[in-house]
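All chains are named by letter (A, B, ...) in the order of the sequence lines, taking the proteins before the strands, and each is independently numbered beginning at 1. Values in this document were obtained by computation on a predicted structure and should not be read as measured data. Below, all heavy atoms of this structure are taken into account, side chains as well, without hydrogens, waters or symmetry copies.
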Amino acid sequence: MRISELRRIDGWIWEVPRTGAMRVPGRIYADKRLIEDMEDTVLAQVKNVASLPGIVTASFAMPDAHSGYGFPIGGVAAFDPDTGVVSAGGVGFDIACGVRTLVSNLFADDLAGRVPALADALFSRIPAGVGSTGAVRLTAGELDAMLAGGAVWAVSRGFGEKADLDRIEERGRMDGARPEMVSEAAKARQKDQMGTLGAGNHYLEVQVVEEIFNDAAAGLYGLHPGQVAVAIHCGSRGLGHQIGTDYLKRMHDHAAKTGVSFPDRELAHAPIASDLGQRYLGAMRSGINAALANRQILTHMVREVFAEMFPGSRLALLYDVSHNTCKAETHMVDGVPRLLFVHRKGATRSLGPGHPDLPPGLAAAGQPVLVGGSMGTASFILSGTAAAETRAFASACHGAGRAMSRKQAARHFKPRTVLEDLEHMGVAVRAHDFRGLSEEAPGAYKNIEAVADAACRAELAAKTARVRPLACIKG
DNA sequence: ATGTAC
């Protein structure tokens, strides 16, 4: 992206001036280098989103932004409930894809020599890969209960602990889900897929806390140097994908009938205040619950593996946050609180200290903002800031962000070399799809340090801890 | 991301 097309507000805040069909300006939070390395399509997508009806304040891109389906991945946009739209492409196909981090009472020394065996045990226990099915099989009735109940449902069925729920966005259950708005095809795809990791950039990592940046916040999060943590990155599997597919088509069909045109085919949308918009929201919220339940079931399985290998070990849920959602939230606009529908596509919520939606144990530090790196590189545990509310409706980056497309990466990296490099770095990698390792090569992603630095300099979040991987399970 | 194409 050419920096000359932007207006610099400060070193980490850049404006895309309003031109053409844009209803609001664009705004990119990143440093000069990250912006220069972003594809031109990111700028085009920021502008396209800025032209959608009812958008409020600006169309935002986070420092990890790269080209996505319609919206950039790393895109944030909020819409007025009366005049605005909801976009199936703006949420994406992997509805409520997200990260949860579990903090153990083990330290790296406790794992000495046993990381490969732990990786093997997790690899054999956790189903993963495209089309994988899990040990949990749901009847039609149970599936609907899951879609309505999310992680609350999962806990009620014996997966995990009640205490986990406080540490999940929406307290483990997204309100307003309408399972009857989810197609039978989507349900059929999901009924045997609960408790599976998926593929692509999804992973399960055993990590060690490498550095603490903020003692007070890290203390509240229960993080100490050398401590072992587990991160689970996955989403709503086939169900979310099918909901996205179903409603993109409906949004196109509806637009064709009513003579509405889209700035980009991939930005198909419907008015929030329409029947179709409400149906999509009901289905999409069911997808959020599926992702929350899925990560809850996986947590239970990880705890079982740890309990067998390390008797007496505990894994407490630090936090679970989704990064592909559209949620109704109240934000300050021009000094007035307004209900808005916030799309976060590859972007993480970042609530500052004292926010009423935070559980009491986390309120003083702000929401854990879980920023997953690529295989082999560090991940960051940031904390939400009060300033994030004024930056991008309390949002921050969600990961390192791709620097290369999957196709480019597959051409550029040999899977064997990727695996050897990671083993050399001391990361035990176990992958269901050997060839897929190319697409996930660390070199295919941006520099996580640069992304986290930019996010924190732009005050989207604040640094609390950096963790590095010991073992990585891939789909 | 994904029963990697209907």
Side-chain angles (χ1 to χ4, degrees), chain A residues 41 45 64-75 87-99 127-134 137-138 143 182-204 232-250 252-253 266-268 283-284 286-288 290-292 294-295 298 322-326 343-348 372 374-375 398-402 404-411 415 431-441 444-445 473-475:
Chain A
T41 47
Q45 290 181 338
D64 53 339
H66 57 102
S67 187
Y69 188 91
F71 270 53
I73 294 168
S87 168
V91 172
F93 289 90
D94 193 4
I95 295 168
C97 180
V99 181
V130 175
S132 56
T133 53
R137 307 286 161 119
L138 301 184
L143 189 84
V182 177
S183 69
E184 289 306 316
K187 292 177 181 178
R189 284 178 72 165
Q190 195 62 25
K191 71 179 177 59
D192 298 335
Q193 288 199 337
M194 296 308 293
T196 66
L197 189 60
N201 67 354
H202 291 168
Y203 60 74
L204 190 153
I232 299 170
H233 176 212
C234 67
S236 51
R237 307 286 290 107
L239 180 112
H241 197 276
Q242 191 63 48
I243 292 170
T245 304
D246 291 341
Y247 279 90
L248 268 164
K249 183 172 182 338
R250 284 176 201 166
H252 273 291
D253 292 349
E266 298 179 354
L267 276 179
M284 188 268 300
S286 308
I288 292 180
L292 298 182
N294 194 33
R295 292 196 285 272
L298 288 167
S322 301
H323 47 236
N324 288 347
T325 58
C326 175
H343 292 66
R344 294 193 184 88
K345 166 87 166 280
T348 298
S374 56
M375 273 190 303
H398 83 307
R402 280 197 167 276
M404 275 184 204
S405 69
R406 291 178 193 284
K407 215 176 229 177
Q408 281 176 309
R411 275 200 305 264
H432 289 267
D433 176 13
F434 179 68
R435 279 167 55 192
L437 285 173
S438 297
E439 297 183 1
E440 295 302 318
Y445 283 82
I473 312 302
K474 298 288 290 181

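The main-chain N or O of A/Gln408 is found under 3.5 Å from a side-chain atom of A/Ser405 such that the two form a donor-acceptor pair.
Remark: P of B/dC6 and CG of A/Leu248 are 13 Å apart, rounded to the nearest angstrom. Atom CD in A/Glu439 sits roughly 9 Å away from atom C1' in B/dT4 (whole-Å rounding). Protein atom CD of A/Gln242 is 13 Å distant from nucleotide atom P of B/dT2, rounded to whole Å. Rounding to whole angstrom units, NZ of residue A/Lys474 and P of B/dT2 are separated by 11 Å. Here the P atom of nucleotide B/dT2 and the CG atom of A/Asn324 are 11 Å apart, to the nearest Å. Between the CZ atom of A/Phe93 and the C1' atom of B/dA5 there is a distance of 14 Å, rounded to whole Å. One can place CG of A/Asp433 at 13 Å from P of B/dT4, the figure rounded to the nearest angstrom. Rounded to whole angstrom, the span from the NZ atom of A/Lys249 across to the C1' atom of B/dT2 amounts to 19 Å.
Not less than 6.0 angstrom separates the ring centroid of A/His233 from the ring centroid of A/His398.
Using a 4.0 Å heavy-atom criterion, one finds that A/Gln190 contacts no nucleic acid atom at all. Using a 4.0 Å heavy-atom distance criterion, A/Gly198 is classed as a sugar-phosphate-only contact.
Between A/Ser374 and A/Arg402, the side chains place no donor N or O within less than 3.5 Å of an acceptor N or O (distance only, hydrogens not considered).
Taking the side chain as every heavy atom from C-beta outward, A/Ser322 and A/Arg295 approach each other to under 4.5 Å.
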